[in-house]
*Asks:* 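Let me give you the structure first, and then I'll get to my questions.
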Amino acid sequence: MAIVGPNFCAPYPVELGIVRKVMTITDGNFAVTDVNGNLLFKVKEPLFSLSDKRILLDASDTPILTLKENKVSLHDRWQVFRGKSTDQNDLVFTLKRSSMFQLIKPKLDVFLAHNKEMKECDFHVKGSWIDRSSVIYAGKSDVIVAQMHKKHTAQSILIGKSNFSVTVYPNVDYAFIVSLIVILDDINREDSED
């Protein structure tokens with residue numbers, strides 16, 4: 001199920017390690033590695049900008065996706081585009097909360113670009129971000145496409161890093177899954193600031 005590209009799909013489960021650096025200025029807030037510790041992606045966030053964009057880069061700093069939050073939406077609406085674009089022709093998917101009234105465990109609906117009416121979601125996300133136990137499902141079904149697991153250590157807490165892993169199921173686009181996790185993290189940070 002290639003959403004970003006077939007080069008981000010594997011015929012076997014893909015284990016990703018995700019490190020969220022709490023305080024960083026230069027190299028982005030997220031580092032995403034494979035099981036051998038090889039860098040696959042990183043996320044660049046604006047430092048001092050009115051723009052609410054994040055850019056998902058591959059290991060060679062090539063922009064893969066631009067994640068853009070719509071600040072005037074009541075449903076935490078995000079749009080994700082190819083490369084560095086924010087043009088509607090490059091839209092990959094839109095994500096929004098299932099309902100405005102969700103406090104602890106946000107439920108998110110994902111609509112691929114071709115799903116213009118957005119009546120039935122193409123994917124949905126459920127779970128607890130605090131426990132790092134979110135699950136991504138296909139459509140409104142119970143078919144799991146990816147699952148997040150917490151990986152805290154005493155050292156990670158002391159040095160300001162949040163570690164967790166994500167299992168991406170076979171033939172599921174792992175760049176797409178990483179973009180969902182980055183958005184989920186941002187929504188969680190906003191909820192904890194309210």
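Residue numbers start at 1 and run along the sequence shown.
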*Asks:* Any chance you could measure Leu108, atom CG, to Lys96, atom NZ, to the nearest 0.5 Å?
*Replies:*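 Between Leu108 CG and Lys96 NZ, I get 11.5 Å after rounding to 0.5 Å.
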*Asks:* Does the side chain of Ile183 come within less than 4.5 Å of Glu69's, by heavy atoms?
*Replies:*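 No, every pair of side-chain atoms sits at 4.5 Å or beyond.
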*Asks:* Is the number of heavy atoms from other residues, nucleotides or ligands within 6.0 Å of CG (Asp142) greater than 12?
*Replies:*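 No, not enclosed.
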*Asks:* Out of curiosity, does Leu16 fall in the hydrophobic cluster containing Phe176 (side-chain heavy atoms, cut-off under 4.5 Å, transitive links)?
*Replies:*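 Result: yes, single cluster for both.
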*Asks:* Are Val14 and Val145 in one and the same hydrophobic cluster, where Ile, Leu, Val, Met, Phe, Trp and Tyr link if side-chain heavy atoms are under 4.5 Å apart?
*Replies:*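 Yes.
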*Asks:* Given Asp109, which of Arg97, Lys140, Lys126 fulfils the salt bridge (charged side-chain N to carboxylate O under 4.0 Å, His left out) condition?
*Replies:*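 By the salt bridge (charged side-chain N to carboxylate O under 4.0 Å, His left out) criterion, Asp109 pairs with just one of Arg97, Lys140, Lys126: Lys140.
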*Asks:* Are any non-hydrogen side-chain atoms of Gln147 and Tyr169 less than 4.5 angstrom apart?
*Replies:*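 Counting from C-beta outward, Gln147 and Tyr169 do come under 4.5 Å.
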*Asks:* For residues Val92 and Ile3, determine if any side-chain heavy atom of one lies less than 4.5 Å from a side-chain heavy atom of the other.
*Replies:*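 Of all side-chain heavy-atom pairs linking Ile3 with Val92, at least one is under 4.5 Å.
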*Asks:* Say whether Val168 and Ile64 are linked into one hydrophobic cluster, either directly or through other cluster members, by side-chain heavy-atom distances under 4.5 angstrom.
*Replies:*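 Yes: a chain of side-chain contacts under 4.5 Å links Val168 to Ile64.
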*Asks:* Does any non-hydrogen side-chain atom of Leu184 lie less than 4.5 Å from one of Met148?
*Replies:*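 Counting from C-beta outward, Met148 and Leu184 do come under 4.5 Å.
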*Asks:* For the hydrophobic clusters of this structure (ILVMFWY residues joined by side-chain heavy atoms under 4.5 Å, transitively), does one cluster hold both Leu40 and Tyr12?
*Replies:*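 Leu40 clusters together with Tyr12.
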*Asks:* Can Phe93 and Phe123 be said to form a ring pair (Phe, Tyr, Trp, His ring centres under 6.0 Å), step by step?
*Replies:* CA-CA 10 Å; Phe93 69 88; Phe123 297 90; 8.5 Å; no
*Asks:* So, taking the atom named NE2 in His149 and the one named OG1 in Thr167, what distance separates them when rounded to the nearest 0.5 Å?
*Replies:*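 If I round to the nearest 0.5 Å, the distance is 3.0 Å.
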*Asks:* Find out whether Asp122 and Val110 are in side-chain contact, i.e. whether some heavy atom of one side chain is under 4.5 Å from a heavy atom of the other.
*Replies:*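 In short, these two side chains do not touch, never coming nearer than 4.5 Å.
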*Asks:* Taking the inter-plane angle between the rings of Phe41 and Phe8 on a 0 to 90° scale, is it parallel (under 30°), tilted (30 to 60°) or perpendicular (over 60°)?
*Replies:*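 Rings of Phe41 and Phe8: tilted, as their planes differ by 30° to 60°.
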*Asks:* Kindly say whether Arg82 contributes a backbone atom to a donor-acceptor pair with the side chain of Ser85 at under 3.5 angstrom?
*Replies:*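 Not confirmed, Ser85 side chain does not pair with Arg82 backbone.
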*Asks:* Answer yes or no: is there a side-chain heavy-atom contact under 4.5 Å between Val80 and Leu95?
*Replies:*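 Answer no - side chains too far apart.
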*Asks:* Where the side chain of His124 meets the backbone of Gly139, is there a donor-acceptor pair that is under 3.5 Å apart?
*Replies:*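 Yes.
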*Asks:* Can you tell me how far CG of Leu67 sits from CG of Leu180, rounded to the nearest 0.5 angstrom?
*Replies:*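 It comes to 8.5 Å.
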*Asks:* Do Asn171 and Met1 have side chains that approach each other closer than 4.5 Å (heavy atoms only, starting at C-beta)?
*Replies:*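 SC-SC contact between Asn171 and Met1 ruled out.
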*Asks:* Do you know which two heavy atoms are closest between Asp87 and Asn89, and how far apart they sit?
*Replies:*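 Where Asp87 meets Asn89 most closely, the heavy atoms are OD1-N, 2.7 Å.
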*Asks:* Should Leu112 and Phe81 be counted in the same cluster of Ile, Leu, Val, Met, Phe, Trp and Tyr side chains packed under 4.5 Å apart?
*Replies:*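 No, because Leu112 and Phe81 fall into different hydrophobic clusters, even though each may have its own neighbours under 4.5 Å.
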*Asks:* Do Thr33 and Asn38 touch side chain to side chain, with heavy atoms closer than 4.5 Å?
*Replies:*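 They are not in contact (no side-chain heavy atoms under 4.5 Å apart), so the answer is no.
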*Asks:* What is the distance from atom OG1 of Thr86 to atom CD of Gln79, rounded to the nearest 0.5 Å?
*Replies:*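 Here the rounded value is 9.0 Å.
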*Asks:* Minimum heavy-atom separation for Ala2 to Cys9, with atom names?
*Replies:*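 Closest approach of Ala2 to Cys9: CA-SG, 3.6 Å.
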*Asks:* Please confirm whether the backbone N or O of Cys121 pairs with a side-chain atom of Asn115, one donor and one acceptor, at under 3.5 Å?
*Replies:*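 Looks like no, no N/O pair under 3.5 Å.
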*Asks:* Indicate yes or no for a side-chain donor-acceptor contact from Thr66 to the backbone of Gly83 under 3.5 Å, with no hydrogens or angles considered.
*Replies:*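 Present.
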*Asks:* Which heavy atom of Ala175 sits nearest to which heavy atom of Leu65, and what is that distance?
*Replies:*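 Taking every non-hydrogen atom into account, O-CD1, 4.2 Å.
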*Asks:* So, Asn70 side chain and Arg77 main chain: donor-acceptor pair closer than 3.5 Å or not?
*Replies:*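 No, Asn70 side chain to Arg77 backbone: no donor-acceptor pair under 3.5 Å.
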